[in-house]
Amino acid sequence: MHRWSQLFIPTLREAPADAEVASHKFLVRAGYVRQLAAGIYSYLFLGQRSFNKIIGIVREEMDRIGQEFYLPALHPRELWEASGRWSIMGENLFRLKDRKGAELCLAMTHEENMTEIARKELRSYKQLPQIWYQIQSKFRDEPRPKSGLLRVRQFLMKDSYSFDIDAAGLDVSYQKHRETYRRIFDRCGLKYLVIDAHSGAMGGSQSEEFMVYTPAGEDQVVSCANCKYAANLEKATSKLEPVEDLTAEGDGKPLEVHTPGQKTIEDVARFLGVSPKNKIKTLALMIDSKDPKSGRNTSRAVVVLMRGDHQLNEAKLATALAGKETRPMQEEEIRHLFGSPAGFLGPLGIKWAKNIADSNGPVLLVDKALEGRTNLIAGANKQDYHVKNITPGQNFQPTTYADLRAVASGDPCPNCGSPLRMDTAVEIGHIFKLGYKYSDSMGARVLDKNGKEVTPIMGSYGIGIERILTAAVEQSNDANGFWLPRQIAPFDIVVTPTNVADEKLKTTAEGIANSLESAGFDVLLDDRDERPGVKFKDADLVGIPFRVNVGKKVTEDRVEVVHRSTRQSQDVSIAAIVEYFQEVLGRAHE
RNA sequence: CGGGGAGUGGCUCAGCCUGGUAGAGCACCUGGUUCGGGACCAGGGGGUCGGAGGUUCAAAUCCUCUCUCCCCGACCA
């Protein structure tokens, strides 16, 4: 039996000064974790016990669809060169050298490692499909670790990888994961939602994230209360209300108008008596890159056109630019390209690249909301002048149209038109169809039925173990501490004799703890020689869902059961205590 | 990396402006009284004031450099 007096559960009366979010404060105060350095944490007894329960659930569910591996965290450079990620990952990848000077890295995910195994070992379609998973530490040199365990540099991830002969097979593997993830998060007692996501730096097509609403989160989730639509802001769209175009003025050709000192969209719209919806917003950006051969830095201009009242979403922009990062143009660069100061920029008179791959000329990305619009107003590339009668595709040729617009809260849902809402959330899992990115670049091939060599198609799926605990704490806490769902709590029940100096209370509490334990519950006996107030406060703090107070009422053969989540208590006869918990814990999660 | 803040016993913080004995509460140890919501009394232990250099008779305090941590922005489980 676990006796509190013998355990190391260093609870703190006050939260560390540098803890900001609830889960961070409470996990430290409750003695679950201690910080070692920025984004690096030690897990103590209670924390590890909770993680073990979470891992147990993950493993049990994953074993139903896949096979558990355990791969190294230390990888040779060559492995990452093979996929091209040695250079792509930049500073996020921890790198080191061994005694011989050979370069290594600490793995941030295991696509390369898994694909390497597949490449060497898989020969035939008969061996497919395969789903391989592991639960293991990942290392990422985050530019900014934060929020306790929410964003760290070393963390546990359940990562799995599927190999299929074709896209239909990948669909099956993907759906299996989707269902497994639902079971895992359900069993962990989390309230979560599944949303359409942006694939990020991993590449690939379809992708969904499992999110838990919390103000501590870092993601913006757009959702519709009416229908089931939910998406990451980076991916979300909304229905566009029809906009009335202006009628052509004069002969219908581009017409310069004098707009002295009118620089912002609002100023110009007001000055000309039109809506910002009829204006083109011109954003001037640059992509900086290093030429791998010469080592020289080169820059390429990217100009983005948005409807005047719309905002650019940078993740969508990055997708349109195949992941390349942009920065705002500097004053001289703007003058160089447009021949005009900022405030009067527009698309006319510049020879734009014909397509993204075309390196002749700057790129002109035009948001889809401008496609098909007519007689818009843009800057004239001339101080104090704007131009009317501009129609995209007619007066200028975009390099390409793309969805670049950020959805705003209140925009109409793309499915049903109801107002969309936006919430912050934390990502606890992510599943995506990788496609051929790794299998192709690393040369994994199998023979199909016809004896023809084909490239297996992959999927990749992750769960952040720590984030399950963190999300649970964020979801369920009050001024005194937090409570976990029984399935992931370090203990099911804490038995608290109010005074261990009283023999009767002490032995009764031990008896109760013993019988609960024999009945299969995970029990912690608070046998410390502390005043009741101290024990109650600690019990409320550490996340255990139920408490049995063994106090004065033992003379009436009764004890008090306290439900941490509701703070409600009720008297239960000592003889019936096991039955009571069998009944309560047999039901749904508390 | 840009911007903001903070480093003083285990924890939370005061002291710094205006240099001169390192302090409080909590925690810890001993003894006693107490015992249903973080008790009380008495005694006690514990600090290179993040580090280095400088100014000064004298530096936690002033100056320079540096390290670390937290928060706000671009990435992700």
Side-chain angles (χ1 to χ4, degrees), chain A residues 10-21 24-25 28-29 31 34-40 58 88-93 108-109 135-160 181 197-202 207 209-212 217-219 232 234 314-315 317-318 323 325-328 426-432 460-471 479-481 496-502 505 528-541 547 549-553 559-560 562 567 569:
Chain A
T11 58
L12 263 29
R13 189 180 287 231
E14 281 167 298
D18 53 17
E20 201 80 9
V21 303
H24 186 196
K25 287 181 185 166
V28 173
R29 280 191 59 200
R34 287 294 184 262
Q35 183 175 24
L36 179 63
I40 307 178
V58 170
I88 289 170
M89 282 310 173
E91 305 226 282
N92 259 30
L93 189 62
M108 46 202 299
T109 59
I135 296 163
Q136 194 234 24
S137 294
K138 298 287 183 268
F139 298 86
R140 296 183 187 177
D141 196 358
E142 291 290 340
R144 188 178 157 218
K146 57 182 279 202
S147 308
L149 288 187
L150 229 39
R151 172 151 230 83
V152 290
R153 295 194 291 172
Q154 174 179 344
F155 62 97
L156 286 168
M157 178 154 90
K158 186 290 299 173
D159 48 322
S160 45
Y181 275 34
H198 164 82
S199 312
M202 300 294 178
S207 154
E209 289 169 333
F210 293 74
M211 310 292 286
V212 173
E218 301 181 279
D219 290 88
N232 194 305
E234 298 169 351
E314 298 195 10
L317 174 64
E325 282 184 28
T326 55
R327 63 166 170 84
V426 62
E427 180 184 355
I428 53 173
H430 197 164
I431 53 177
F432 49 100
S460 148
Y461 319 87
I463 290 179
I465 301 294
E466 288 90 339
R467 282 192 179 175
I468 292 181
L469 176 61
T470 314
N480 294 320
T496 308
T498 54
N499 183 358
V500 292
D502 183 327
L505 295 189
R528 293 175 299 168
D529 184 12
E530 290 287 352
R531 294 168 59 85
V534 173
K535 295 188 179 190
F536 294 160
K537 288 286 186 193
D538 271 347
D540 283 350
L541 176 62
R547 179 172 92 221
N549 281 346
V550 181
K552 292 180 210 126
K553 291 175 209 154
V559 290
E560 188 179 52
V562 182
R567 312 210 72 193
S569 64

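Each chain gets a letter, A, B and so on, in the order its sequence line appears, and its residues count up from 1.
Distance CG/A:D540 to NZ/A:K537: 7.0 Å, rounded to 0.5 Å. Here the straight-line distance linking atom NZ of A:K158 with atom CD of A:Q136 works out to 13.0 Å at 0.5 Å rounding.
Closest to the side chain of A:K146, from the set B:C75, B:C72, B:A77, is B:C72. Closest approach to the A:E142 side chain among B:C76, B:A77, B:U12 is made by B:A77 (side chain taken as heavy atoms from C-beta onward).
A 3.5 Å limit on both hydrogen-bonding distances identifies no Watson-Crick or G-U partner for B:U34. With a 3.5 Å ceiling on both atom-pair distances, the Watson-Crick or G-U wobble partner of B:U12 is B:A24. B:C65: Watson-Crick or G-U partner is B:G51, with both key distances under 3.5 Å. In this structure B:G2 sits in a base pair with B:C72, meeting the Watson-Crick or G-U test at under 3.5 Å.
Residues A:Q35 and A:V152 both approach RNA chain B. Their nearest nucleotides, taken by heavy-atom distance, put A:Q35 toward the 5′ side.
A:R144 contributes no side-chain N or O that forms a donor-acceptor pair with the base of B:C75 under 3.5 Å.
No contact: A:A19 has no heavy atom under 4.0 Å from any strand. Using a 4.0 Å heavy-atom criterion, one finds that A:T496 contacts no nucleic acid atom at all. As judged by a 4.0 angstrom heavy-atom cut-off over every strand, A:V426 is placed among residues making no nucleic acid contact. Residue-level contact check: A:P10 touches neither bases nor backbone, having no heavy atom under 4.0 Å from any strand. Heavy atoms of A:I463 sit nowhere under 4.0 angstrom from any nucleic acid atom.
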Check: What does nucleotides 34-47 of chain B look like as a protein-contact string, B for base, S for sugar-phosphate only, - for none, at under 4.0 angstrom between heavy atoms?
Finding: BBBBBB--------
